[in-house]
Chemist: 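Below you will find the structure I want to go over with you.
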Amino acid sequence: MKIATWNVNSVRQRTDLVCDWLRAQQPDLLLLQEIKCEEPSFPGAAFAALGYQSVVVGQKSYNGVAVLSREPVEVMHRFLPALPPTPDGAPHQARYLEVRWRGVLFGNLYLPNGNSGGEAGYAAKLAWMEALLHRARELLAADEDFVMAGDYNVCPTDADFAPGTLSGADALMRPETRRLFQALRWAGMTDAVRALRPREKIYSFWDYQAGCWPRDMGLRIDHAMLSPRMAERLEEALPDRMERDKPQPSDHVPVMVTFSS
DNA sequence: ATGTCTCTACTATAGAGA
(Lines give C-alpha, C1' and ligand atoms only; values in the text may rest on other atoms or scores of the structure.)
Protein backbone atom coordinates (compact mmCIF):
# COMPACT_ATOMS: atom_id res chain seq x y z
CA MET A 1 0.00 0.00 0.00
CA LYS A 2 1.57 3.22 -1.20
CA ILE A 3 0.12 6.64 -0.49
CA ALA A 4 1.36 10.21 -0.79
CA THR A 5 0.41 13.71 0.30
CA TRP A 6 1.24 16.76 -1.80
CA ASN A 7 0.42 20.44 -1.50
CA VAL A 8 0.48 21.32 -5.20
CA ASN A 9 -0.18 25.10 -4.94
CA SER A 10 -2.82 25.15 -7.72
CA VAL A 11 -3.66 21.84 -9.38
CA ARG A 12 -4.40 23.61 -12.66
CA GLN A 13 -0.88 25.07 -12.80
CA ARG A 14 0.61 21.72 -11.82
CA THR A 15 -1.49 19.21 -13.79
CA ASP A 16 1.36 18.00 -15.99
CA LEU A 17 3.76 17.67 -13.04
CA VAL A 18 1.19 15.69 -11.06
CA CYS A 19 0.55 13.42 -14.06
CA ASP A 20 4.28 12.83 -14.55
CA TRP A 21 4.64 12.01 -10.87
CA LEU A 22 1.66 9.62 -10.89
CA ARG A 23 3.13 7.79 -13.89
CA ALA A 24 6.52 7.47 -12.22
CA GLN A 25 5.38 6.55 -8.69
CA GLN A 26 2.02 4.82 -9.19
CA PRO A 27 0.69 5.47 -5.67
CA ASP A 28 -2.59 3.86 -4.63
CA LEU A 29 -3.77 7.15 -3.16
CA LEU A 30 -2.59 10.72 -3.67
CA LEU A 31 -3.87 13.33 -1.22
CA LEU A 32 -3.69 16.81 -2.74
CA GLN A 33 -3.89 20.14 -0.93
CA GLU A 34 -4.19 23.74 -2.13
CA ILE A 35 -5.81 22.76 -5.38
CA LYS A 36 -7.18 26.34 -5.52
CA CYS A 37 -10.22 25.61 -7.65
CA GLU A 38 -13.79 24.44 -7.48
CA GLU A 39 -14.80 20.99 -8.66
CA PRO A 40 -15.94 22.02 -12.20
CA SER A 41 -12.47 23.31 -13.07
CA PHE A 42 -10.59 20.41 -11.42
CA PRO A 43 -8.56 18.58 -14.11
CA GLY A 44 -10.03 15.18 -13.26
CA ALA A 45 -9.99 13.98 -16.88
CA ALA A 46 -6.19 14.19 -17.03
CA PHE A 47 -5.92 11.96 -13.98
CA ALA A 48 -8.67 9.63 -15.20
CA ALA A 49 -6.61 9.05 -18.35
CA LEU A 50 -3.93 7.60 -16.06
CA GLY A 51 -6.42 5.39 -14.25
CA TYR A 52 -7.09 7.66 -11.24
CA GLN A 53 -10.49 8.73 -10.04
CA SER A 54 -10.92 11.94 -8.06
CA VAL A 55 -12.88 13.10 -5.04
CA VAL A 56 -12.77 16.90 -4.83
CA VAL A 57 -13.55 19.31 -2.00
CA GLY A 58 -12.97 22.54 -3.88
CA GLN A 59 -12.99 26.27 -3.20
CA LYS A 60 -12.46 29.25 -5.44
CA SER A 61 -9.00 30.87 -5.26
CA TYR A 62 -7.74 29.34 -2.04
CA ASN A 63 -7.47 26.03 -0.20
CA GLY A 64 -9.17 22.97 -1.66
CA VAL A 65 -8.28 19.30 -1.17
CA ALA A 66 -8.73 16.20 -3.31
CA VAL A 67 -8.04 12.47 -3.21
CA LEU A 68 -6.90 10.59 -6.31
CA SER A 69 -7.21 6.80 -6.21
CA ARG A 70 -6.84 3.83 -8.52
CA GLU A 71 -9.68 2.02 -6.76
CA PRO A 72 -12.96 3.51 -5.52
CA VAL A 73 -12.92 5.07 -2.07
CA GLU A 74 -15.81 5.70 0.32
CA VAL A 75 -16.22 9.37 1.22
CA MET A 76 -16.68 9.72 4.98
CA HIS A 77 -16.43 13.50 5.61
CA ARG A 78 -16.03 16.60 3.46
CA PHE A 79 -15.12 18.82 6.41
CA LEU A 80 -13.58 18.21 9.80
CA PRO A 81 -16.55 16.92 11.79
CA ALA A 82 -15.46 18.36 15.15
CA LEU A 83 -14.94 21.87 13.79
CA PRO A 84 -17.50 24.31 15.24
CA PRO A 85 -19.79 26.01 12.69
CA THR A 86 -18.65 29.41 11.44
CA PRO A 87 -20.24 32.33 13.37
CA ASP A 88 -22.11 33.61 10.29
CA GLY A 89 -23.17 30.15 9.14
CA ALA A 90 -20.91 30.34 6.07
CA PRO A 91 -19.52 27.06 4.74
CA HIS A 92 -16.20 25.89 6.13
CA GLN A 93 -13.08 26.46 4.08
CA ALA A 94 -12.18 23.44 1.93
CA ARG A 95 -9.46 21.96 4.14
CA TYR A 96 -10.44 18.38 4.99
CA LEU A 97 -11.56 15.25 3.18
CA GLU A 98 -11.79 11.85 4.84
CA VAL A 99 -12.12 8.66 2.84
CA ARG A 100 -12.05 4.94 3.59
CA TRP A 101 -10.10 2.54 1.41
CA ARG A 102 -9.33 -1.11 2.19
CA GLY A 103 -10.57 -0.67 5.74
CA VAL A 104 -8.31 2.30 6.50
CA LEU A 105 -9.48 5.89 7.01
CA PHE A 106 -7.39 8.57 5.31
CA GLY A 107 -7.84 12.14 6.50
CA ASN A 108 -6.50 14.58 3.90
CA LEU A 109 -5.89 17.90 5.62
CA TYR A 110 -4.74 21.42 4.87
CA LEU A 111 -4.26 23.12 8.19
CA PRO A 112 -4.57 26.93 8.38
CA ASN A 113 -1.22 28.71 8.15
CA GLY A 114 -2.10 31.05 11.03
CA ASN A 115 0.23 33.92 10.11
CA SER A 116 -2.45 36.12 8.52
CA GLY A 117 -5.36 37.82 10.26
CA GLY A 118 -3.49 38.69 13.42
CA GLU A 119 -4.26 36.91 16.68
CA ALA A 120 -7.76 36.00 15.45
CA GLY A 121 -6.16 34.21 12.51
CA TYR A 122 -3.84 32.35 14.83
CA ALA A 123 -6.71 31.44 17.15
CA ALA A 124 -8.54 29.95 14.16
CA LYS A 125 -5.51 27.77 13.43
CA LEU A 126 -5.47 26.51 17.02
CA ALA A 127 -9.22 25.82 16.91
CA TRP A 128 -8.68 23.79 13.75
CA MET A 129 -5.91 21.82 15.45
CA GLU A 130 -8.16 21.17 18.47
CA ALA A 131 -10.82 19.77 16.13
CA LEU A 132 -8.25 17.56 14.40
CA LEU A 133 -7.06 16.28 17.77
CA HIS A 134 -10.66 15.59 18.75
CA ARG A 135 -11.23 13.61 15.54
CA ALA A 136 -8.02 11.62 16.09
CA ARG A 137 -8.99 10.76 19.68
CA GLU A 138 -12.43 9.70 18.50
CA LEU A 139 -10.95 7.32 15.91
CA LEU A 140 -8.40 5.98 18.40
CA ALA A 141 -11.19 5.31 20.90
CA ALA A 142 -13.09 3.47 18.16
CA ASP A 143 -9.95 1.38 17.46
CA GLU A 144 -9.91 2.44 13.79
CA ASP A 145 -6.94 2.12 11.45
CA PHE A 146 -6.25 5.59 10.08
CA VAL A 147 -3.78 8.06 8.61
CA MET A 148 -4.01 11.85 8.99
CA ALA A 149 -1.83 13.31 6.26
CA GLY A 150 -1.34 16.65 4.59
CA ASP A 151 0.04 20.14 4.94
CA TYR A 152 -0.03 20.65 8.71
CA ASN A 153 1.68 24.06 8.55
CA VAL A 154 3.46 22.90 11.68
CA CYS A 155 7.20 22.74 12.17
CA PRO A 156 7.28 20.23 15.05
CA THR A 157 10.82 20.77 16.42
CA ASP A 158 13.88 22.93 15.83
CA ALA A 159 15.31 20.05 13.76
CA ASP A 160 12.51 20.59 11.23
CA PHE A 161 13.60 23.92 9.77
CA ALA A 162 16.78 25.34 8.32
CA PRO A 163 18.42 28.16 10.30
CA GLY A 164 17.13 31.52 9.15
CA THR A 165 13.82 30.34 7.72
CA LEU A 166 11.49 30.93 10.68
CA SER A 167 11.25 33.36 13.56
CA GLY A 168 10.09 32.20 16.99
CA ALA A 169 6.91 34.24 16.48
CA ASP A 170 5.94 32.31 13.36
CA ALA A 171 2.60 30.50 13.63
CA LEU A 172 4.29 27.38 12.19
CA MET A 173 6.37 26.99 15.33
CA ARG A 174 4.75 28.96 18.16
CA PRO A 175 4.57 26.94 21.39
CA GLU A 176 0.79 26.43 21.26
CA THR A 177 1.11 25.11 17.69
CA ARG A 178 3.76 22.62 18.68
CA ARG A 179 1.92 21.60 21.83
CA LEU A 180 -1.18 20.67 19.82
CA PHE A 181 0.89 18.77 17.25
CA GLN A 182 2.67 16.84 19.99
CA ALA A 183 -0.74 16.11 21.57
CA LEU A 184 -1.46 13.94 18.52
CA ARG A 185 1.61 11.92 19.42
CA TRP A 186 0.77 11.70 23.13
CA ALA A 187 -2.70 10.51 22.08
CA GLY A 188 -1.01 7.57 20.34
CA MET A 189 -0.20 8.66 16.79
CA THR A 190 3.14 8.26 15.03
CA ASP A 191 4.90 10.81 12.82
CA ALA A 192 5.77 8.47 9.93
CA VAL A 193 8.86 10.28 8.59
CA ARG A 194 10.44 10.91 12.00
CA ALA A 195 9.68 7.39 13.22
CA LEU A 196 11.96 6.04 10.50
CA ARG A 197 14.49 8.89 10.43
CA PRO A 198 14.80 10.43 13.89
CA ARG A 199 17.90 12.53 13.21
CA GLU A 200 18.17 13.26 9.48
CA LYS A 201 17.71 16.74 8.07
CA ILE A 202 14.48 16.36 6.11
CA TYR A 203 12.34 19.09 4.56
CA SER A 204 9.13 19.04 2.53
CA PHE A 205 8.79 22.76 1.65
CA TRP A 206 11.12 25.43 0.32
CA ASP A 207 9.82 28.98 -0.10
CA TYR A 208 9.93 30.40 -3.62
CA GLN A 209 11.66 33.53 -2.29
CA ALA A 210 15.25 34.29 -1.47
CA GLY A 211 16.75 31.28 -3.25
CA CYS A 212 15.54 28.96 -0.49
CA TRP A 213 15.70 25.85 -2.67
CA PRO A 214 19.28 26.22 -3.99
CA ARG A 215 20.40 27.05 -0.45
CA ASP A 216 18.37 24.13 0.99
CA MET A 217 16.58 26.49 3.38
CA GLY A 218 13.52 24.33 3.87
CA LEU A 219 10.91 23.33 6.40
CA ARG A 220 9.34 19.99 7.32
CA ILE A 221 5.65 20.88 7.55
CA ASP A 222 3.93 18.12 5.53
CA HIS A 223 3.29 15.11 7.73
CA ALA A 224 1.64 11.71 7.84
CA MET A 225 0.43 10.81 11.32
CA LEU A 226 -0.44 7.14 11.83
CA SER A 227 -2.70 5.22 14.16
CA PRO A 228 -0.95 2.47 16.15
CA ARG A 229 -1.61 -0.46 13.82
CA MET A 230 -0.74 1.63 10.74
CA ALA A 231 2.54 2.52 12.47
CA GLU A 232 3.24 -1.19 12.85
CA ARG A 233 2.66 -1.61 9.11
CA LEU A 234 4.93 1.34 8.20
CA GLU A 235 7.67 0.41 5.73
CA GLU A 236 8.91 3.71 4.28
CA ALA A 237 8.17 7.44 4.55
CA LEU A 238 10.09 10.23 2.84
CA PRO A 239 9.55 13.48 0.94
CA ASP A 240 10.43 13.21 -2.76
CA ARG A 241 12.73 16.23 -2.57
CA MET A 242 13.91 16.13 -6.18
CA GLU A 243 10.42 17.14 -7.27
CA ARG A 244 11.32 20.65 -6.04
CA ASP A 245 14.00 20.86 -8.76
CA LYS A 246 11.54 20.48 -11.65
CA PRO A 247 10.54 23.48 -13.78
CA GLN A 248 7.65 25.51 -12.28
CA PRO A 249 7.36 23.29 -9.20
CA SER A 250 5.07 23.59 -6.21
CA ASP A 251 6.83 25.00 -3.15
CA HIS A 252 5.99 21.67 -1.43
CA VAL A 253 7.11 18.20 -2.55
CA PRO A 254 5.16 14.94 -2.25
CA VAL A 255 5.64 12.92 0.93
CA MET A 256 5.34 9.24 0.14
CA VAL A 257 4.42 6.57 2.72
CA THR A 258 4.30 2.82 2.16
CA PHE A 259 2.66 0.15 4.33
CA SER A 260 2.84 -3.63 4.36
CA SER A 261 -0.06 -5.54 2.72
C1' DA B 1 18.35 41.43 0.00
C1' DT B 2 10.35 43.39 1.49
C1' DG B 3 13.97 38.45 -3.03
C1' DT B 4 8.35 34.50 -5.72
C1' DC B 5 4.29 32.44 -7.14
C1' DT B 6 -0.90 32.16 -7.60
C1' DC B 7 -5.22 33.84 -7.25
C1' DT B 8 -8.98 37.50 -8.25
C1' DA B 9 -10.89 41.70 -10.02
C1' DC B 10 -15.07 47.01 -13.17
C1' DT B 11 -9.11 43.05 -18.38
C1' DA B 12 -4.23 44.91 -16.28
C1' DT B 13 -2.02 45.84 -12.35
C1' DA B 14 -2.32 45.63 -7.28
C1' DG B 15 -3.49 43.29 -3.04
C1' DA B 16 -3.78 39.09 -0.40
C1' DG B 17 -2.09 34.79 1.01
C1' DA B 18 1.42 31.58 1.43
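Below, read A as the first sequence line, B as the second, and so on, with proteins coming before strands; counting in each chain starts at 1.
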Chemist: My understanding is that only residues two or more places apart in sequence, or in another chain, count here; which of them pass side-chain contact (heavy atoms from CB on, under 4.5 Å) with A/Leu196?
Modeler: A/Leu234, A/Glu236, A/Ala237
Chemist: Going by the rule side-chain contact (heavy atoms from CB on, under 4.5 Å), which residues pair with A/Tyr62 if we only count those two or more places apart in sequence or in a different chain?
Modeler: A/Gln59
Chemist: Under 4.0 Å from OP1 or OP2 of B/dC5: is there any side-chain N or O of A/Arg14 that close?
Modeler: no
Chemist: How far does the P atom of B/dT6 sit from the matching atom of B/dT2, given to the nearest Å?
Modeler: 22 Å
Chemist: Could you tell me how far B/dG15 sits from B/dA1 if I compare only their P atoms? Round to whole Å.
Modeler: 24 Å
Chemist: Which residues satisfy the salt bridge (charged side-chain N to carboxylate O under 4.0 Å, His left out) test with A/Asp16, sequence neighbours excluded?
Modeler: none
Chemist: I'd like to compare against my own output: the B/S/- annotation of nucleotides 8-18 of chain B with a strict under-4.0 Å heavy-atom distance to protein.
Modeler: SS--------B
Chemist: What residue among A/Arg185, A/Arg197, A/Arg220 forms salt bridge (Lys or Arg N to Asp or Glu O under 4.0 Å) with A/Asp191?
Modeler: A/Arg220
Chemist: Could you check A/Pro249 against A/Ala210 and say which one's nearest nucleotide on DNA chain B is further toward the 5' end?
Modeler: A/Ala210
Chemist: Roughly how many Å apart are B/dA14 and B/dG3, using the P atom of each and rounding to a whole number?
Modeler: 14 Å
Chemist: When the P atoms of B/dC10 and B/dA16 are considered, how many whole Å apart are they?
Modeler: 15 Å
Chemist: Please list all pairs passing the salt bridge (Lys or Arg N to Asp or Glu O under 4.0 Å) test where one or both residues lie in residues 111-125 of chain A, with sequence neighbours left out.
Modeler: A/Glu119-A/Arg174
Chemist: Can you pull out every salt bridge (Lys or Arg N to Asp or Glu O under 4.0 Å) where at least one residue sits in residues 98-110 of chain A? Sequence neighbours excluded, please.
Modeler: A/Glu71-A/Arg102, A/Glu98-A/Arg135, A/Arg100-A/Glu144
